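Numbers for residues simply follow the sequence, beginning at 1. Note that this is a predicted model, so its numbers are computed, not measured.
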Amino acid sequence: MNLYAIRAIYIYEMKRFFRTLLESLLSPVISTSLYFVVFGSAIGSRIDQVEGVTYGAFIVPGLIMLSVMTQGISNASFGIYFPKFIGTVYELLSAPVNFLEIVLGYVGAAATKSLMIGVVILLTAGFFVDLDIQHPLAMLAFLVLTCLSFSLFGFIIGIWAQSFQQLQIIPLLVITPLVFLGGSFYSISMLPPIWQTLTLFNPVVYLISGFRWSFFGQADVPVGLSLLAIAGFTGICLALIWLIFRTGYRIKE
């Protein structure tokens, strides 16, 4: 394992993040505040509690999941796409670095960035609502696994994309709708029976449900299924990345 190569890639990516630190951290703070103003005040005034939890507190896990998923994908996809775009990826591929070390460097940095943003959102939410996290270790585990898995997914998107526009297609047209329809701002038990059944085919439901359980001890689906879903998603992403580097798909073209 070439730790120097992993460290070099990781530090390079983190330096790019810290060069725009104010924008990177200010944006989620403003977005979170707006969500609380719109959802917490406007809708929360009409919905007193959801499953025994105040509506303002209920939406916090969904807000965090929405941000860490999109940020993990965005950071990882841009991190690997830009070297492809300017041609420096070939220097990386010709260096004595294997695919695992490349993935650890880029995905590790992207996961760290999204984790930092998730923590910032959690701290910001604390100014609006009272949060009592019942299972802090489980909360941290779900958060780290989500950051890692969606950073892996973003890495795949970055390799697949052939333009900057394609980098935004899946996050905007697939991930964001799945999060909004996955119980991020409501409990799926509030839906009619037929829609509850259909919602269970949304994989994001299992992630948000498990993460919400770590806060309030309540979940729409069993916690074991949530862990199985995120573990399965991570395994699929790792398998796809291995296949990409083995075949050279859109890397060695």
### Message
Is any side-chain heavy atom of Tyr249 closer than 4.5 Å to one of Trp160?
### Response
yes
### Query
Please, which pairs that meet ring pair (Phe, Tyr, Trp, His ring centres under 6.0 Å) have at least one residue in residues 162-196, sequence neighbours excluded?
Tyr35-Phe185, Phe39-Phe185, Tyr81-Phe164, Phe85-Phe164, Phe180-Phe185
### Message
Once salt bridge (Lys or Arg N to Asp or Glu O under 4.0 Å) is applied, do any residues pair with Glu13, and if so which ones, sequence neighbours excluded?
### Response
Arg16, Lys113
Mind listing the side-chain donor-acceptor pairs of residues 91-103 below 3.5 Å, one per line with the distance, residues two or more places apart or on another chain?
from: Ser94; atom 1: OG; to: Tyr90; atom 2: O; distance (Å): 3.1
from: Ser94; atom 1: OG; to: Glu91; atom 2: O; distance (Å): 3.0
from: Asn98; atom 1: OD1; to: Leu100; atom 2: N; distance (Å): 3.1
from: Asn98; atom 1: OD1; to: Glu101; atom 2: N; distance (Å): 2.9
from: Glu101; atom 1: OE1; to: Asn98; atom 2: N; distance (Å): 3.0
from: Glu101; atom 1: OE2; to: Asn2; atom 2: N; distance (Å): 2.6

Sequence neighbours left out, cut at 3.5 Å: what donor-acceptor pairs do the side chains of residues 60-71 make with other protein atoms?
from: Ser67; atom 1: OG; to: Leu63; atom 2: O; distance (Å): 3.3
from: Thr70; atom 1: OG1; to: Leu66; atom 2: O; distance (Å): 2.8
from: Thr70; atom 1: OG1; to: Ser67; atom 2: O; distance (Å): 3.1

### Task
For the residue pair Leu152 and Ile156, establish whether any side-chain heavy-atom pair is separated by less than 4.5 Å.
no
#### Entry: Step-by-step side-chain contact (heavy atoms from CB on, under 4.5 Å) determination, Gln162 to Arg250
CA-CA 9 Å; Gln162 294 182 305; Arg250 291 195 176 177; 3.5 Å; yes
### Task
Quick one: list whatever passes side-chain contact (heavy atoms from CB on, under 4.5 Å) with Ser77, sequence neighbours left out.
Ile157, Leu167
### Message
Is there a side-chain contact between Ile170 and Phe153 in this structure, where contact means two heavy atoms from C-beta onward sitting under 4.5 Å apart?
### Response
yes
### Message
In this structure, would Ile194 and Val205 fall into the same cluster of hydrophobic residues linked by side-chain contacts under 4.5 Å?
### Response
yes
### Message
Tell me every residue that passes side-chain contact (heavy atoms from CB on, under 4.5 Å) with Gln168, counting only those two or more places apart in sequence or in another chain.
### Response
Leu172
## Note on the structure
All heavy atoms of Phe150 vs all of Ile73, minimum pair found to be O-CG1, 3.4 Å
### Query
How close do Cys237 and Ser149 get, heavy atom to heavy atom, and via which atoms?
SG-O, 4.0 Å
### Query
Roughly how far, to the nearest 0.5 Å, is the CD1 atom of Ile230 from the CZ atom of Phe211?
10.0 Å
### Query
Taking only residues two or more places apart in sequence, or in another chain, which ones meet Arg7 in a salt bridge (Lys or Arg N to Asp or Glu O under 4.0 Å)?
none
Name each donor-acceptor pair under 3.5 Å that joins a side chain in residues 121-146 to protein atoms two or more places apart or in another chain, with its distance.
from: Thr124; atom 1: OG1; to: Val120; atom 2: O; distance (Å): 2.8
from: Gln134; atom 1: NE2; to: Phe216; atom 2: O; distance (Å): 3.1
from: Thr146; atom 1: OG1; to: Phe142; atom 2: O; distance (Å): 2.7

### Query
Would Leu243 end up clustered with Phe155 when hydrophobic side chains under 4.5 Å apart are linked, directly or stepwise?
yes
### Query
So how far is it from Lys15 NZ to Phe18 CZ, rounded to the nearest 0.5 Å?
11.0 Å
### Summary
Distance col, row Ile9:CD1 vs Ile11:CD1, nearest 0.5 angstrom, shows 11.0 Å
### Task
Output all residues satisfying side-chain contact (heavy atoms from CB on, under 4.5 Å) with Ile86, sequence neighbours left out; order by chain, then residue number.
Phe82, Thr88
### Query
Do the side chains of Thr199 and Leu181 get nearer than 4.5 Å, heavy atoms only?
no
#### Entry: Results of ring-ring contact (aromatic ring centres under 6.0 Å, His included) for Tyr106 - residues two or more places apart only
none
### Query
Among all residues two or more places apart in sequence or in another chain, which pass the side-chain contact (heavy atoms from CB on, under 4.5 Å) test with Thr112?
Tyr10, Met14, Met116
### Least distance between heavy atoms, Ser151 atom then Ala76 atom
O-CB, 3.0 Å
Please report, to 0.1 Å, the donor-acceptor pairs under 3.5 Å made by any side chain of residues 219-227, with sequence neighbours excluded.
from: Asp220; atom 1: OD1; to: Ser187; atom 2: OG; distance (Å): 2.9
from: Ser226; atom 1: OG; to: Tyr206; atom 2: O; distance (Å): 2.7
from: Ser226; atom 1: OG; to: Gly210; atom 2: N; distance (Å): 3.4

### Separation of Leu148 CG from Leu238 CG (nearest 0.5 Å)
7.5 Å
